[in-house]
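The structure appears below as structure tokens.
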Amino acid sequence: FGLNTAQIAEICGPVTRPTVYAWRDGAAPRPAKLARIHMLRRAALDWERSGFGVPGTAMTAPVIYEKSLFDLRAAVLLEREMAARRTFADPFR
């Protein structure tokens with residue numbers, strides 16, 4: 001997704017940037033953090049398979065209920081938003 005270390009730390013935690021660096025160096029994340037990393041990776045693969053390019057500024061553009069992909073952060077948050085029984089705003093108005 002083109003996220004920087006601070007954004008990855010926020011999405012996967014919140015954890016600190018040194019924690020993310022430790023993961024990159026081989027430290028094992030805790031199970032809950034590993035689950036978030038897995039969801040983020042699956043979302044990134046789905047994004048790539050869809051044919052979209054690197055999101056860049058698309059990560060901060062509103063896409064659903066005036067929230068960005070970065071705001072939504074994980075499938076759990078998206079599921080909560082979808083279960084709220086709201087209607088989608090017409091993007092062509």
Side-chain angles (χ1 to χ4, degrees):
F1 285 122
L3 300 174
N4 64 36
T5 303
Q7 291 170 319
I8 293 170
E10 186 175 339
I11 288 172
C12 293
V15 297
T16 63
R17 289 186 340 196
T19 298
V20 175
Y21 289 123
W23 293 343
R24 289 180 179 172
D25 291 338
R30 293 184 178 159
K33 306 302 181 194
L34 189 58
R36 283 183 170 244
I37 293 167
H38 178 71
M39 284 191 294
L40 183 62
R41 175 71 176 146
R42 280 186 22 203
L45 290 173
D46 289 345
W47 182 277
E48 183 179 55
R49 279 191 288 269
S50 70
F52 298 127
V54 175
T57 58
M59 286 299 291
T60 56
V63 293
I64 184 170
Y65 306 128
E66 299 181 16
K67 293 186 179 184
S68 69
L69 293 173
F70 188 76
D71 293 334
L72 295 171
R73 296 185 186 159
V76 173
L77 294 177
L78 181 58
E79 287 175 24
R80 286 183 193 155
E81 289 294 328
M82 298 303 288
R85 298 183 189 232
R86 297 184 220 164
T87 59
F88 286 99
D90 183 356
F92 301 105
R93 280 200 288 172

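Scope of the values below: all heavy atoms of this structure, side chains included, with no hydrogens, waters or symmetry mates. Since the structure is predicted, the reported quantities are computational estimates derived from the model, not experimental observations.
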Discussion item. So, using side chain to side chain donor-acceptor pair (under 3.5 Å) as the criterion, who are the partners of R41 when residues are at least two apart?
Written reply: none
Discussion item. I'd like to check the side-chain contact (heavy atoms from CB on, under 4.5 Å) partners of A35; sequence neighbours left out, ordered by chain and number.
Written reply: none
Item to complete: Taking all heavy atoms of C12 and all of I37, pick out the closest pair and write down the distance.
Response: SG-CG1, 3.6 Å
Discussion item. Closer than 3.5 angstrom, by distance alone: can the side chain of R36 be matched with the main-chain N or O of I11 as a donor-acceptor pair?
Written reply: yes
Below 3.5 Å, can you tabulate the donor-acceptor pairs from side chains in residues 20-27 to any protein atom, sequence neighbours excluded?
residue, atom, partner, partner atom, Å
R24, NH1, T5, OG1, 3.4

Worksheet item: If you round to the nearest 0.5 Å, how far is CG of L40 from CG of L45?
Response: 9.5 Å
Worksheet item: If you take all heavy atoms of A9 and R17, which pair is closest and at what distance?
Response: CB-N, 4.2 Å
Discussion item. Run the side chain to side chain donor-acceptor pair (under 3.5 Å) test against N4 and tell me which residues pass, sequence neighbours left out.
Written reply: none
